[in-house]
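Taking it in order: structure first as structure tokens, then the write-up.
We use all heavy atoms of the structure for the numbers below, so side chains are in, but hydrogens, waters and symmetry mates are not.
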Amino acid sequence: MGERPVAPELVLETDGDSRVMSPSRSYHVGRDPASDVVLRDARVSWHHAVLRPVAGHWLVEDEGSTNGTYADGRRVAQSGVGPGSVIRFGNPADGPCAVLSERPPPESGPQTGFRLPSSVHHPGTTHTFRHPSAVRALPPVRRIRIGRAPDNDLLVDELAVSRHHAELRSLPRGGYEIVDLGSHNGTYLDGRQVKRAQVGPDDIIGIGHRDFWLVGDQLQEYVDTGEISLDVQNLAVYADKARKILLDHVTFPVGEKALLAVVGPSGAGKSTLLNALTGLRPADDGTVLYDGRDLYHDYAELRQRIGLVPQDDILHTQLTVRRALGYAAQLRFAEDTTPEEREARVHEVIYQLGLDERADQPIHSLSGGQRKRVSVALELLTKPSLLFLDEPTSGLDPGMDRSVMHMLRGLADDGRTVIVVTHSVLSLNVCDRLLVLAPGGRIAFYGPPEDSLPFFGFEEWPEAFEAFELDKERDWAGQYLESHLYRRHIKAATEQTDLVPQVEHTAVPPPKARNWGAQLFTLVRRYAAALSADRTFLAIMIALPFVMGAMTRALAGSALTDSTGVNALLILSVGAVLTGSANAVRELVKERVIYQRERAVGLSRSAYLMSKVVVLGLITIAQAVVLTMVALVGVDLNAPGGQGVFLPPLVEITLAGALLGFASMTLGLVVSALVRKEEVTMPLLVLLTLVQVVFCGALLKLNGVVGLEQLAWLVPARWALGAMAGTVGLQRTVPGRLTADPLFDHSAGTWLVNMGMLVVLSAVFLLVVARLLRRQEPAVMRK
């Protein structure tokens with residue numbers, strides 16, 4: 001018996017796009033973004049027709065479309081087609097047109113599409129994608145420079161790309177290497193950031209939204225324009241070592257330019273799914289394919305093409321819209337972009353989201369819907385291809401809810417894939433697809449929104465959600481798996497794309513931080529601007545040292561004598577502790593969502609922490625100087641011989657107060673990084689202050705008391721009070737059980753130990769803060 005004839009490979013051309021039709025599969029045509037050939041014309045049905053290979057030839061079959069399918073001018077239900085056939089959809093005269101032609105014989109150089117190399121993806125799996133955007137013959141020069149500047153050999157006009165970004169260099173013994181030229185956002189090879197690496201024929205070079213690969217003596221380029229698909233395959237997430245299931249092997253496809261809504265009752269795994277899809281918390285099992293590329297493996301590169309809008313604001317609300325977006329642009333765009341280039345892009349997204357009239361308003365003065373638009377604008381700065389939103393309509397009235405959802409519909413239509421997790425069901429009709437998760441993290445429904453309630457057998461969504469909670473015996477996921485909706489919207493799609501074999505993901509090094517100094521400079525300016533715009537905080541910072549200084553001055557009188565010396569130094573220490581801790585105790589917890597998002601797109605952890613230290617440290621030191629001056633200028637400090645240990649007594653006390661304030665500020669940062677809610681910081685501030693008062697050595701005998709003495713070593717006020725007491729010779733003027741403490745000695749060695757311990761404690765507290773910040777980062781960013 002002879003072999004069954006195989007349909008020929010044909011080229012399908014539609015509206016300027018072309019693709020090779022493989023005889024191994026069928027091609028669906030329609031308005032559905034998940035279709036193989038997507039036609040936006042209103043006359044085209046959602047599922048309009050299918051091109052199917054049969055023995056030796058191709059068939060076009062109409063799928064019950066409203067306006068019909070036409071082959072060579074006549075309406076057909078089914079018809080054979082081949083090279084030269086012209087197919088129209090929706091109208092025989094001017095409906096969207098598809099032309100079939102023979103595939104030209106392959107050349108030795110460029111190919112029709114590109115095949116992702118097995119080094120990037122799982123072995124044994126083949127994914128063929130759209131045509132390269134450009135094919136260039138490699139010139140006979142040793143170096144090809146790539147970047148944003150016009151003088152490059154290969155121009156990449158993106159603000160995220162540096163002016164001179166990288167060079168492709170030929171090697172003396174043949175082959176090429178890619179060399180990063182100190183770019184802002186990095187150069188990637190097979191998804192990993194590199195400084196210099198040899199490039200093989202199967203390797204993909206990633207720069208901005210462009211991918212380059214070598215085919216023979218030609219360089220092929222693919223531009224990620226935003227029209228990408230997302231394939232979610234068997235995602236599973238477990239809560240602990242007992243492997244409690246949070247997400248139960250979820251599989252679904254998301255087409256190009258599609259808007260997908262994810263809904264479900266509380267605890268169904270919506271947030272878990274979002275974290276898995278964005279790479280913030282990778283799934284324990286399964287794969288997420290970004291246009292055929294493994295998101296987890298290539299996260300370092302692909303994170304720049306993904307936008308995420310959390311439920312909470314990801315901008316400093318004290319700043320104006322324009323200023324906040326401007327600082328974000330400085331952090332995300334290449335350092336060598338000009339202010340004019342950044343301002344132009346900021347203005348573009350402001351206009352795109354209808355924020356023109358609000359651009360110079362503080363963000364906190366905007367309505368909830370407008371603030372959400374600003375958060376979306378921040379993510380759109382870098383033109384992401386994939387945009388995720390977590391509860392964007394939470395707390396909004398129905399009108400604002402509808403406005404936000406229609407905005408997302410427009411963003412998808414403009415050329416990106418949008419996935420929104422929501423509790424609201426008011427505007428699901430604007431979505432292309434709806435994913436409903438049942439308790440246990442399983443899919444209860446995936447398909448067009450209009451099919452969802454009829455599938456469940458309810459008329460209103462509240463009834464469906466109530467049933468999820470009450471009817472726990474019902475196998476929601478099992479019913480969907482047995483339905484035609486599953487076979488049509490998930491099974492058929494995953495069979496066409498071929499599920500990637502399950503493999504264990506190896507640990508991938510996190511992307512290297514961008515230029516540290518530039519990030520620090522931008523962060524310092526942004527943080528200073530945000531603090532200066534907070535008038536309440538400014539008033540407290542200015543008033544506090546004057547109030548505490550006045551209290552100390554009233555207690556000290558004209559000279560530090562008898563018990564007034566101890567009490568005055570105690571109040572001075574309390575003032576430094578209170579000002580330093582109060583400055584910092586809220587500053588990390590209130591920005592946690594902002595930090596997590598910026599860290600995911602390349603923010604340096606140490607630069608972020610150092611920006612807090614620089615700004616708050618300068619403020620705290622200035623407050624300590626004001627506090628000491630108000631308290632002690634003109635007061636007879638009664639130091640031995642009228643001198644301190646090394647310097648004039650007032651200078652030494654000022655230095656000790658400044659270091660105490662700084663150390664207390666770092667301790668406040670520890671608290672701020674430790675707590676989960678801003679509301680608990682004030683009680684902890686009071687507790688910290690009381691602990692420092694009790695263990696400073698002015699109220700309790702600590703020397704020689706086992707347990708108390710060792711605990712006091714961790715209290716900055718203990719060492720600061722010792723330095724101050726040594727400066728004024730408190731052991732001489734106020735002899736007694738407390739002042740006999742060795743840390744109160746008027747000696748060079750003791751004073752240096754006291755001051756040195758303040759520095760050591762500050763460094764230790766900052767190391768603790770860095771560790772706590774690491775715990776709050778996306779899992780893939782932890783080193």
Show the numbers, then the answer: is there a side-chain contact (heavy atoms from CB on, under 4.5 Å) between Val769 and Thr666? CA-CA 8 Å; Val769 175; Thr666 60; over 6 Å; no
Is Leu538 close to Asp534 at the side-chain level, that is, under 4.5 Å between some pair of heavy atoms? no
Checking Arg586 against Thr681: is there a side-chain donor and acceptor pair closer than 3.5 Å? no
Looking at every non-hydrogen atom in both residues, tell me the closest pair between Phe765 and Ala663 and how far apart they are. CD1-O, 3.8 Å
Report the C-alpha separation of Arg526 and Gln330 in whole Å, then their side-chain angles, then the decisive distance to 0.1 Å, and conclude whether the side-chain hydrogen bond (donor to acceptor under 3.5 Å, both in side chains) test is met. CA-CA 10 Å; Arg526 183 181 69 176; Gln330 290 181 49; over 6 Å; no
If only atom types and distance count, is the side chain of Lys701 paired as donor or acceptor with the main-chain N or O of Asn703 below 3.5 Å? yes
Is it the case that the side chain of Arg592 and the backbone of Leu773 share a donor-acceptor pair, with hydrogens and angles ignored and the cut-off at 3.5 Å? no
Using side-chain contact (heavy atoms from CB on, under 4.5 Å) as the criterion, point out the one residue from Ile540, Leu616, Leu578, Val615 that pairs with Asn583. Leu616
Say you draw a straight line from CG of Leu247 to CZ of Arg281; how long is it, rounded to the nearest 0.5 Å? 10.0 Å
With side chains defined as the heavy atoms from C-beta onward, is the minimum distance between Met629 and Thr654 less than 4.5 Å? yes
Leu659 versus Trp719: any side-chain heavy-atom pair under 4.5 Å? no
Could you go step by step and tell me if Val614 and Tyr527 meet the side-chain contact (heavy atoms from CB on, under 4.5 Å) rule? CA-CA 10 Å; Val614 169; Tyr527 186 40; over 6 Å; no
Minimal non-hydrogen separation, Val630 against Ala550, with atom names: CG1-N, 3.7 Å
So, does Thr750 use its side chain to make a donor-acceptor pair with the main chain of His746 at under 3.5 Å? no
Backbone N or O of Gln519 within a donor-acceptor pair of the Thr522 side chain at under 3.5 Å? no
Within the side chain of Glu678, is there an N or O that forms a donor-acceptor pair under 3.5 Å with the backbone of Val589? no
State, yes or no, whether a side-chain contact exists between Ser266 and His423 at a heavy-atom distance under 4.5 Å. yes
Would you say the side chain of His184 lies within less than 4.5 Å of the side chain of Phe333, judging by non-hydrogen atoms? no
Sub-4.5 Å side-chain heavy-atom contact between Leu667 and Gln692: yes
Between CG of Leu761 and CZ of Phe662, what distance do you get to the nearest 0.5 Å? 12.0 Å
If you take all heavy atoms of Ala584 and Ser672, which pair is closest and at what distance? O-CB, 3.6 Å
Considering only heavy atoms from C-beta outward, does the side chain of Gln193 approach that of Asp180 to under 4.5 Å? no
To the nearest 0.5 Å, tell me how far His316 NE2 sits from His364 NE2. 13.5 Å
Is there a side-chain contact between Ile306 and Pro384 (heavy atoms, below 4.5 Å)? no
Using atom types as modelled and distance alone, determine if a side-chain donor or acceptor of Glu652 lies under 3.5 Å from a backbone N or O of Leu647. yes
Does Glu379 pair with Arg597 as a salt bridge, N-O distance under 4.0 Å? yes
Evaluate side-chain contact (heavy atoms from CB on, under 4.5 Å) for Leu766 paired with Leu669, printing each intermediate quantity in order. CA-CA 8 Å; Leu766 289 178; Leu669 289 177; 4.3 Å; yes
Decide if atom CZ of Phe546 counts as having more than 12 heavy atoms of other residues, nucleotides or ligands within a radius under 6.0 Å. no
For Val626 against Pro545, the heavy-atom pair lying closest together: CG1-CB, 4.1 Å
Does Gly580 offer a backbone N or O that forms a donor-acceptor pair with the side chain of Gln623 under 3.5 Å? no
At what distance, to the nearest 0.5 angstrom, does CZ of Arg303 lie from OG1 of Thr278? 13.5 Å
Just by distance, no angles: are the side chains of Glu598 and Tyr608 close enough, under 3.5 Å, to form a donor-acceptor pair? no
Spacing of Lys270 atom NZ and Leu273 atom CG [to the nearest 0.5 Å]: 10.0 Å
Between Asn185 and Ala334, the two heavy atoms sitting closest are ND2-N, 4.3 Å
Arg553 side chain vs Val633 backbone, donor-acceptor pair below 3.5 Å: yes
Not counting sequence neighbours, which residues clear salt bridge (Lys or Arg N to Asp or Glu O under 4.0 Å) with Arg373? List them please. none
Let's go through Gln304 and Val601 carefully: what are the C-alpha distance in whole Å and the side-chain angles of both, what is the deciding distance for side-chain contact (heavy atoms from CB on, under 4.5 Å) to 0.1 Å, and is it a yes or a no? CA-CA 6 Å; Gln304 301 180 48; Val601 294; over 6 Å; no
For the student: nearest non-hydrogen atoms of Ala276 and Val237, plus distance: CB-CG2, 4.5 Å
Given the options Leu655, Val577, Leu572, Leu660 meets side-chain contact (heavy atoms from CB on, under 4.5 Å) only with Val577
Main-chain N/O of Val706 paired to Glu709 side chain as donor or acceptor, under 3.5 Å: no
Of Thr320, Val374, Leu366, the residue whose pairing with Gln361 passes side-chain contact (heavy atoms from CB on, under 4.5 Å): Leu366
Flag, side chain of Asn754 to backbone of Leu743, donor-acceptor distance under 3.5 Å: yes
CG (Leu315) and OG (Ser375) are apart, to the nearest 0.5 Å, by 5.0 Å
Taking the six-membered ring of Phe521, is the NZ or CZ of Arg525 close enough (under 6.0 Å from the centre) and on axis enough (within 45°)? yes
